[in-house]
Amino acid sequence: MKIQEVLQEKVTEAINAIYGITLPSVEFQPTRKDFEGDVTVVVFPMLRHVKGNPVQIGEQVGAYLVKELDIVTSFNVVKGFLNLVISDAFYLSFFNKIQNDTAFGLVAPSDDAILVEYSSPNTNKPLHLGHIRNNLLGYSVAEILKASGKKVYKTQIINDRGIHICKSMLAWQRFGNGETPENTGLKGDKLVGNYYVAFDKAYKEEVAKLVDDGVEKKQAEKEAPILLEAQQMLLKWEAGDADVVALWKKMNGWVYKGFDTTYKNLGVDFDSYLYESDTYLLGKDVVADGIKNGVFYKKEDGSVWIDLTDEGLDEKIVLRSDGTAVYMTQDIGTAIQRVKDHSDINGMVYTVGNEQDYHFRVLFLILKKLGFTWADKLFHLSYGMVDLPSGKMKSREGTVVDADDLMEQMTQTAGSISEELGKLENYSEEEKQSLYKMIGLGALKYYILKVDPKKRILFNPEESVDFQGNTGPFIQYTYARIQSILRKAKDTNVVWENETTVVALHPKEKELIKQLEVFPDTIQLAAENYSPAVIANFTYDLVREFNSLYQQVSILGETDEDKKALRVQLSYKVGEVIKTAFRLLGISVPERM
RNA sequence: GGUGGCAUAGCUCAGCUGGAUAGAGCACCUGCCUUCUAAGCAGGCGGUCCUAGGUUCGAAUCCUAGUGCCAUCACCA
């Protein structure tokens with residue numbers, strides 16, 4: 001049984017015995033470092049039920065607990081706080097229980113399934129830093145949900161059709177001279193992205209020329225020939241024009257290959273994909289039914305709307321006057337399709353930036369009004385933008401931090417730091433490169449995931465991501481250090497796999513076990529809040545606690561064999577927890593660094 | 001203008017959903033490598049928790065109003 005449950009029961013019992021009153025609940029918190037004790041009972045909330053002086057109540061309850069419970073060895077009362085000292089025996093017994101539990105903290109997957117959507121890029125340009133945050137968040141939340149006991153499907157919907165890809169296609173036709181990823185050596189998504197930029201340049205030139213000729217700017221922006229041509233191309237695509245479709249397939253193929261490389265480097269994956277070209281017509285039937293049910297209504301021009309003013313929102317269009325689908329139509333269809341495809345799911349998570357908060361509020365509300373009971377189980381995992389000091393990133397203007405470049409740069413930085421420290425004499429060049437990548441990406445991922453998803457991130461490319469302090473490499477370093485201890489322990493035949501027989505703990509050892517103890521709750525908390533940051537902060541605290549122990553006491557130099565074994569055991573367990581926690585963040589840990 | 005989000009040390013962030021003297025990292029300053037990896041440890045400096053009210057034993061946390069920044073309110077996706 002957990003310590004809080006035991007204490008809860010006994011504190012209630014104590015109050016009942018002394019005052020004859022049954023408390024509905026008892027409030028606990030970890031004792032602050034400046035006071036003696038491990039667990040603190042907050043007496044103040046009891047005053048609502050028990051009349052008396054908080055200090056006196058604390059004293060009485062404390063005395064009762066010490067008498068009745070072996071695990072409470074002593075207590076002190078400060079104001080309304082009853083600080084309890086918990087026996088070493090309790091922590092030792094807890095540690096004995098978990099030390100060989102390879103699934104410590106994890107809950108076995110149940111039938112409670114959930115679908116997590118993330119990434120979902122457009123196919124006309126390469127992935128950038130904004131996508132990195134999306135991917136890391138979505139992947140990590142999926143892993144955390146899995147660890148918390150859910151069955152998880154990772155998926156994404158690829159926006160492979162629309163005017164944006166037509167722009168790249170048109171520019172490539174016009175200026176491309178037959179360039180391909182093969183004959184240029186460029187990554188496919190980069191090549192296609194270049195033509196998206198080329199389109200924008202040509203378009204702006206045409207607009208400027210029209211304006212020079214006396215056309216109104218707004219008019220010119222609508223009438224630039226190259227834009228009209230791109231719109232024509234989209235119509236042809238929708239009509240199934242063979243040439244256009246062939247070009248579309250070819251260029252999307254290049255992009256997918258490029259994306260695959262980026263995803264692989266980033267270490268994210270998916271269980272299934274949906275393509276907008278397959279789903280963009282879904283939802284139209286639903287809209288038709290919705291009109292019959294009176295959920296939607298048709299305007300004179302034929303466009304279809306929903307009135308959400310009663311819910312404090314606006315009117316929203318769900319079908320154009322020409323009968324074509326809008327974004328919302330497609331999302332309605334996609335949601336329904338997903339429920340059909342995964343009959344076991346009990347919820348969906350959409351990892352999409354907070355600029356679309358309104359869209360998802362409307363989407364969920366529409367689905368609810370349409371009578372889908374699962375609409376209540378949808379969650380928009382909304383996250384803040386990644387901005388540069390110069391402002392927002394814009395692909396068309398080339399002010400983006402490219403995902404591949406950033407990963408490469410992080411890897412190089414990790415490499416130069418490593419070289420400088422020079423701890424890897426007997427590593428091959430290949431091993432070194434893979435380690436640098438692990439560290440560089442660890443720094444990047446941790447940097448992004450440690451902040452609350454809701455918050456905006458300001459990314460300054462000039463000031464490189466740190467490798468010291470509260471960072472990924474710091475935690476990886478601690479893991480590597482532990483592995484070094486374990487290797488040496490093995491070499492010197494330290495036996496540490498058995499239950500410990502030590503009876504008294506060093507204060508630092510106790511602190512470390514206390515931190516290990518909260519790991520399972522931390523995973524649940526992270527899952528409830530869809531927040532990898534919770535895991536990151538926990539891991540950082542654990543590592544700091546370990547490093548403090550490491551500097552203060554000798555592990556392998558300990559002369560008492562039992563104590564030495566316990567410290568090795570503890571090191572091992574801390575290493576395992578770091579590894580598990582980092583796996584939930586999508587970060588690998590090295591044997592050496 | 002309406003709606004939503006955010007505001008904590010010079011900078012980047014925590015703060016367990018109302019508890020004790022608000023915590024870390026970076027930066028700056030002191031110490032600690034002939035002993036398990038110094039990407040580390042120990043310490044110092046640094047705060048009007050945006051402002052003003054309110055709720056209560058108790059507020060960075062909850063409520064109200066205001067200020068600032070961001071997003072959003074399209075027959076774009």
Side-chain angles (χ1 to χ4, degrees), chain A residues 27 29-35 40 42-45 47-48 54 78-81 83 122 159 161-164 276 280 299 301-305 312-322 324 326-328 330-331 353-359 361-362 382 384-385 387 392 414 417-418 420-421 423 439 443 447 450-452 454-458 460 463 466-478 480-489 492 518 521-522 525 529 533-534 536-538 540-541 543-544 547-558 567-568 571 592-593:
Chain A
E27 193 177 321
Q29 57 181 270
T31 304
R32 291 181 61 116
K33 289 257 160 73
D34 347 322
F35 300 93
T40 295
V42 189
V43 181
F44 293 113
L47 297 177
R48 225 159 282 160
V78 181
K79 293 192 232 174
F81 298 94
N83 302 321
N122 288 345
N159 300 306
R161 52 140 246 134
I163 192 77
H164 50 85
E276 193 195 328
Y280 80 105
K299 285 195 178 173
D301 61 6
S303 56
V304 180
W305 297 73
L313 304 174
D314 300 306
E315 292 184 322
K316 190 82 188 173
I317 188 161
V318 293
L319 206 62
R320 291 195 193 98
S321 53
D322 62 5
T324 54
V326 291
Y327 183 34
M328 191 61 75
Q330 173 205 321
D331 268 2
N354 64 7
E355 57 199 351
Q356 295 196 37
D357 285 357
Y358 184 73
H359 172 78
R361 276 177 69 195
V362 172
S382 165
M385 297 288 100
D387 291 330
K392 232 183 147 169
I417 293 174
S418 269
E420 216 169 289
L421 293 171
K423 294 179 186 174
I439 298 170
Y447 175 82
K450 79 172 174 186
V451 325
D452 186 297
K454 272 185 302 200
K455 293 195 177 172
R456 179 180 101 106
I457 292 182
L458 189 70
N460 191 344
E463 297 167 21
D466 274 331
F467 285 73
Q468 282 172 359
N470 187 359
T471 67
F474 165 59
I475 292 165
Q476 289 173 321
Y477 174 72
T478 303
R481 220 183 206 178
I482 289 171
Q483 300 319 302
S484 170
I485 291 170
L486 296 179
R487 282 191 295 270
K488 290 214 166 100
T492 52
V518 299
D521 287 346
T522 302
L525 188 68
N529 294 312
V534 171
N537 288 318
F538 160 82
Y540 177 59
D541 288 340
V543 162
R544 266 193 12 209
N547 280 328
S548 184
L549 171 90
Y550 177 89
Q551 300 278 353
Q552 196 161 329
V553 306
S554 181
I555 294 170
L556 296 172
E558 172 60 52
R567 284 179 189 165
V568 176
S571 305
R592 275 168 222 272
M593 71 184 270

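Here the structure is a predicted model, which is why all the values come from computation and not from measurement. Protein chains get the first letters and strands the later ones, always in sequence-line order, with residue 1 at the start of each.
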Is there side-chain contact between A:Tyr550 and A:Ile485, with heavy atoms separated by less than 4.5 Å? yes
Syn or anti conformation of B:U21, syn meaning chi within 90° of 0: anti
Do A:Gln29 and A:Phe81 make a side-chain contact, defined as non-hydrogen atoms from C-beta onward lying under 4.5 Å apart? yes
Using both distances under 3.5 Å as the test, list the Watson-Crick or G-U wobble partner of B:U30, or none. B:A42
Between A:Arg320 and B:A77, does any side-chain N or O lie under 4.0 Å from OP1 or OP2? yes
Hey, are the side chains of A:Asp466 and A:Phe474 touching, using non-hydrogen atoms and a 4.5 Å cut-off? no
Is there aromatic stacking of A:Phe35 against B:A20, centre distance under 5.5 Å, plane angle under 30°? yes
Check this for me: does the side-chain of A:Thr478 come within 3.5 Å of the base of B:A39 through a donor and an acceptor? no
C1' gap between B:C16 and B:U34, integer Å: 45 Å
Rounded to the Å, how far apart are A:Tyr447 OH and B:A24 P? 22 Å
Taking the side chain of A:Tyr327 as heavy atoms from C-beta outward, which of B:U37, B:U21, B:A77 is closest to it? B:A77
Do A:Asn354 and A:Arg456 have side chains that approach each other closer than 4.5 Å (heavy atoms only, starting at C-beta)? no
Per A:Lys455 side chain, nearest of listed nucleotides B:A77, B:A7, B:G58: B:A7
Can you tell me, in whole Å, how much space there is between the P of B:U3 and that of B:G43? 49 Å
Donor-acceptor pair, distance only, cut-off 3.5 Å: does the side chain of A:Ser303 make one with the backbone of A:Lys299? no
Indicate yes or no: at least one non-hydrogen side-chain atom of A:Glu558 is less than 4.5 angstrom from one of A:Val553. no
Of the listed nucleotides B:C57, B:A20, B:U17, the one nearest the side chain of A:Asn529: B:U17
Taken to the nearest whole Å, CG/A:Asn547 to P/B:G25 is 12 Å
Provide, to the nearest angstrom, the distance between the CZ atom belonging to A:Phe474 and the P atom belonging to B:C13. 19 Å
Of the candidates B:U37, B:C41, B:A74, the side chain of A:Ile317 sits closest to B:A74
Paired with B:C13: which nucleotide, if any, by Watson-Crick or G-U wobble criteria at under 3.5 Å for both distances? B:G23
With distance as the sole test, does A:Thr522 use its side chain to make a donor-acceptor pair with the main-chain N or O of A:Val518 at under 3.5 Å? yes
Say you pick atom P in B:U35 and the same atom in B:C29; how far apart are they, in whole Å? 27 Å
Heavy atoms only, 4.0 Å cut-off, all strands: where does A:Asp34 land among base, sugar-phosphate and nothing? nothing
On RNA chain B, compare the nucleotides closest to A:Asp466 and A:Arg361; which residue's is nearer the 5' end? A:Arg361
Record whether the side chain of A:Asn83 comes under 3.5 Å of the base of B:A20 through a donor-acceptor pair of N or O atoms. yes
Please state the P separation for the pair B:G25 and B:C70 - nearest whole angstrom. 32 Å
Please report the distance, rounded to the nearest Å, between CE in A:Met328 and C1' in B:C73. 12 Å
Can you check the distance between B:A24 and B:C62, where both ends of the measurement are the C1' atom (answer in whole Å)? 26 Å
Is the base of B:G19 stacked against the aromatic ring of A:Phe44, taking ring centres under 5.5 Å apart and planes under 30° as the test? yes
Measure from the side chain of A:Ser418, starting at C-beta and using heavy atoms only, and say which of B:U21, B:G19, B:A39 lies closest. B:A39
Quick one: which of B:C13, B:U37, B:G5 gets closest to the side chain of A:Val451? B:C13
Whether A:Lys450 side chain and A:Tyr540 backbone form a donor-acceptor pair below 3.5 Å: no
A:Glu27 and A:Pro45: which non-hydrogen atoms are nearest, and at how many Å? OE1-CG, 3.5 Å
Which value, in whole Å, describes the distance between the P atoms of nucleotides B:C33 and B:A38? 12 Å
Between B:C26, B:C36, B:U37, spot the one nearest the side chain of A:Arg487, thanks. B:U37
Tell me the interatomic distance from A:Ile475, atom CD1, to B:C13, atom P, rounded to whole angstroms. 17 Å
Starting at the 5' end of RNA chain B, which residue's closest nucleotide do you reach first, A:Ser548 or A:Leu47? A:Ser548
Base, sugar-phosphate alone, or nothing: which one does A:Ala533 contact when heavy atoms must sit under 4.0 Å apart? nothing
For nucleotides B:G31 and B:U67, find the distance between their C1' atoms and express it as a whole number of Å. 45 Å
May I ask you to say what A:Thr522 touches in the nucleic acid, namely base, sugar-phosphate or nothing, with a heavy-atom cut-off under 4.0 Å? nothing
Can you find a donor-acceptor pair, distance only, under 3.5 Å between A:Thr471 side chain and B:A39 base? no
How would you label the contact of A:Pro54 with the nucleic acid (heavy atoms, under 4.0 Å): base, sugar-phosphate, or nothing? nothing
Please state how far atom OH in A:Tyr550 lies from atom P in B:C32, giving the value in whole angstrom units. 19 Å
Nucleotide nearest A:Arg481 (side chain, heavy atoms from C-beta), chosen from B:G40, B:A39, B:G58: B:G40
Return the nearest nucleotide to the side chain of A:Ile485; candidates are B:C6, B:A77, B:C36. B:C36
A:Asn470 has an atom CG; how far is it from atom P of B:G25, in whole Å? 9 Å
Measuring from the side chain of A:Val326 (C-beta onward, heavy atoms only), which nucleotide among B:U17, B:A77, B:U72 has the closest atom? B:A77
If the C1' atom of B:C6 is compared with that of B:A14, how far apart are they to the nearest Å? 16 Å
Should B:C69 form a Watson-Crick or G-U wobble pair with both distances under 3.5 Å, which nucleotide is its partner? B:G5
Roughly how many Å is it from CG in A:Leu458 to P in B:C6, rounded to a whole number? 18 Å
